[in-house]
Engineer: 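My questions all concern the structure below.
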There are 2 protein chains.
Amino acid sequence: MPGTLTAALVQKLTKVNRLDQNDILAIQQLPIHSKRVAAQHRFVRDGDRPSESCLIVDGFAFRSKLTPDGQRQILSLHIPGEIPDLQSLHLHVMDHDLTTLTECTLGFIKHDALRELIKMRPNVAAALWRETLVDAAIFREWIVNVGRRPARARMAHMLAELHERLALLGRTLNGSFELPITQIELADCLGLSVVHVNRTLQQLRQEGIVATERRTFHLLDQAKVEELGQFERIYLHQRPSI
Amino acid sequence: MPGTLTAALVQKLTKVNRLDQNDILAIQQLPIHSKRVAAQHRFVRDGDRPSESCLIVDGFAFRSKLTPDGQRQILSLHIPGEIPDLQSLHLHVMDHDLTTLTECTLGFIKHDALRELIKMRPNVAAALWRETLVDAAIFREWIVNVGRRPARARMAHMLAELHERLALLGRTLNGSFELPITQIELADCLGLSVVHVNRTLQQLRQEGIVATERRTFHLLDQAKVEELGQFERIYLHQRPSI
DNA sequence: CGAGTGGTTGATATCTTTCAACCCACGTGG
DNA sequence: CCACGTGGGTTGAAAGATATCAACCACTCG
């Protein structure tokens with residue numbers, strides 16, 4: 001059935017952009033080669049020159065960089081409906097890795113097809129460009145998080161952001177959401193050591209504002225989490241706003 | 001004379017993108033309203049809804065965010081030929097501030113004019129989109145810098161990056177470049193305290209790899225600076241690369 | 001049952017911040 | 001012409017945050 005792969009993408013794009021029926025159809029008719037991929041699979045690598053971009057149909061993925069001395073910094077987490085390496089359309093050499101966090105369904109779309117799409121459908125072009133700009137906005141906030149907030153606030157901010165983004169997809173329930181991430185990965189997201197992440201989480205649990213349970217996070221006191229993390233949702237640019 | 005304002009922009013864009021004579025002409029004929037602005041002037045503010053974007057014709061500027069508790073994080077430094085708030089074309093509400101570091105000549109370009117330009121000149125559209133993607137690439141490296149590198153390396157990385165970007169404009173000489181920035185601003189760039197920036201700089205000076213003199217930095221041992229900062233220029237995407 | 005992964009703990013070392021001065025160059029007003 | 005105020009840089013001491021190291025525990029999987 002055409003459109004099942006692009007469902008989350010279309011949902012996301014139409015929430016903020018004015019796309020007409022033909023725009024949507026053009027997206028749904030993109031030739032997509034989908035693949036089921038195991039967790040922790042690095043499917044795009046620093047230095048690669050991809051000829052296709054990759055839509056996350058289902059599951060979580062992340063972007064990361066390795067420093068020459070072997071440290072890892074995770075740059076962003078990605079959820080269904082996002083195209084984390086859309087940039088490779090214009091930047092031909094990858095400057096970071098893309099890895100699945102969980103088992104994922106990925107949809108690979110040839111750059112040629114995307115180029116054709118943005119040539120024929122200016123609305124879609126604008127919407128995709130916009131997506132890459134939101135991406136950058138999230139990076140900026142990530143810089144603030146890592147540069148200026150203490151560990152507890154960093155963690156809180158990240159959880160608040162994830163909650164907000166997942167909420168838009170309808171993947172949250174009463175402040176809870178599924179996110180199968182290890183403390184090692186959290187540490188690499190936040191620029192902290194694993195041990196410190198562990199202690200920070202414990203503190204948040206003791207304060208009763210966060211609970212974790214296997215693969216899901218519960219924000220028990222969402223307002224508190226957002227306040228502690230200084231979370232202000234404007235930077236996500238989720239509203240039409242014009 | 002048409003084109004004097006856009007000189008640095010055209011220089012930058014044509015270095016990596018294939019623009020024909022008409023593309024260039026279209027850029028040069030953009031209606032630009034230029035203005036001389038004092039140092040430390042915040043000319044775009046968090047929350048604004050700009051109807052124009054701003055080209056740096058001459059001088060330095062930076063983007064920054066303030067946290068609710070009054071801390072500042074500088075997100076990027078900008079040099080002539082860049083349009084730091086090009087994003088406002090698609091993201092209608094600003095999520096950060098834009099401030100001049102030095103006295104600047106700024107060129108304001110109406111969004112309407114830019115929209116017309118990208119509609120008529122797809123090559124230019126692609127080039128501008130690409131610029132915003134390079135912007136994001138620099139943010140990513142900035143995240144790594146702040147998240148994973150100790151103070152000395154952070155400083156070194158930033159200096160190496162600035163040198164590289166200024167070199168492309170021909171504004172470096174034997175590892176030296178002009179950058180009138182205070183230690184307070186450096187601290188906000190690097191996510192450090194002023195005191196620590198001061199000590200870090202002293203250390204770099206004592207090691208003989210960096211010298212500072214009023215408004216100019218000298219990278220006495222450029223290789224050493226790049227190694228210490230783990231600087232790898234690919235992420236700047238300065239080469240055509242296709 | 002043993003190995004491996006992810007989580008937890010305590011002790012200690014290191015890095016970075018904070019605080020509180022102080023210095024210096026510069027520009028301004030008396 | 002000089003006193004003074006100011007911004008930027010520098011310093012030392014102490015406090016605080018985070019990292020590191022080295023175990024140990026719990027659970028899952030083959």
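Please read these numbers as outputs of a predicted model, since none were measured by experiment. Throughout, protein chains are lettered first and strands after them, A, B, ... in sequence-line order, and every chain is numbered starting at 1.
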Engineer: How would you label the contact of B/V194 with the nucleic acid (heavy atoms, under 4.0 Å): base, sugar-phosphate, or nothing?
Structural biologist: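 No contact at all - B/V194 keeps every heavy atom at 4.0 Å or more from the nucleic acid.
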Engineer: If an axis is fit to five pairs at each end of the helix from C/dC1-D/dG30 to C/dG30-D/dC1, what is the angle between the two, to the nearest 10°?
Structural biologist: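 Both end axes considered, the difference amounts to 30°.
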Engineer: Between D/dG9 atom P and B/Q183 atom CD, what is the distance in whole Å?
Structural biologist: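 It is 4 Å, rounded to the nearest whole Å.
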Engineer: Expressed as a whole number of angstroms, how long is the span from B/Q203:CD to D/dT11:C1'?
Structural biologist: 16 Å
Engineer: Measure up the B/F43 and B/H41 rings against each other and bin them: parallel (under 30°), tilted (30 to 60°), perpendicular (over 60°).
Structural biologist: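 Parallel.
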Engineer: With a cut-off of less than 4.0 Å, is there a side-chain N or O of A/R205 near OP1 or OP2 of C/dT8?
Structural biologist: yes
Engineer: Between the base of C/dG10 and the side chain of A/R199, is there a donor and acceptor pair under 3.5 angstrom?
Structural biologist: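 Yes.
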Engineer: Is the backbone N or O of B/A38 less than 3.5 Å from a side-chain atom of B/E103, with the two atoms forming a donor-acceptor pair by type?
Structural biologist: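 Here the side-chain-to-backbone pair does not exist.
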Engineer: B/Q71 CD to D/dA17 P: how many Å, rounded?
Structural biologist: 13 Å
Engineer: Using the side chain to side chain donor-acceptor pair (under 3.5 Å) rule, take A/R72 and A/S64 through it: C-alpha gap first, then chi angles, then the decisive distance, then the call.
Structural biologist: CA-CA 7 Å; A/R72 185 175 67 168; A/S64 65; 5.2 Å; no
Engineer: How do B/P150 and A/I181 order along DNA chain C: which one's closest nucleotide is nearer the 5' end?
Structural biologist: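 Nearer the 5' end of the strand: A/I181.
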Engineer: Mark yes or no for whether B/D85, through its side chain, and B/C54, through its backbone, hold a donor-acceptor pair below 3.5 Å.
Structural biologist: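 Side chain of B/D85 to backbone of B/C54: a pair is present.
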Engineer: Grab the CZ-P distance between B/R149 and C/dC15 for me, whole Å please.
Structural biologist: 17 Å
Engineer: Taking the inter-plane angle between the rings of B/H157 and B/F231 on a 0 to 90° scale, is it parallel (under 30°), tilted (30 to 60°) or perpendicular (over 60°)?
Structural biologist: perpendicular
Engineer: Starting at CG of B/L192 and ending at P of D/dG9, how long is that distance when rounded to a whole Å?
Structural biologist: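 Those two atoms, CG and P, are 15 Å apart.
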Engineer: May I have the distance from B/N198 (atom CG) to C/dC23 (atom C1'), rounded to whole angstrom?
Structural biologist: 12 Å
Engineer: For B/L186 and C/dT17, what is the distance between atoms CG and C1' respectively, to the nearest whole Å?
Structural biologist: 17 Å
Engineer: Classify the nucleic acid contact of B/T182 as base, sugar-phosphate or nothing, counting any heavy atom under 4.0 Å across all strands shown.
Structural biologist: sugar-phosphate
Engineer: Would you say CD of A/E227 has more than 12 non-hydrogen atoms from neighbouring residues, nucleotides or ligands within 6.0 angstrom?
Structural biologist: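 For A/E227, atom CD is not crowded (no more than 12 foreign heavy atoms under 6.0 Å).
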Engineer: Please state how far atom CZ in B/R148 lies from atom C1' in C/dC15, giving the value in whole angstrom units.
Structural biologist: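 Answer to the nearest Å: 15 Å.
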Engineer: Between B/R63 (side chain only) and B/P84 (backbone N and O only), is there a donor and an acceptor less than 3.5 Å apart?
Structural biologist: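 Such a contact is found between B/R63 side chain and B/P84 backbone.
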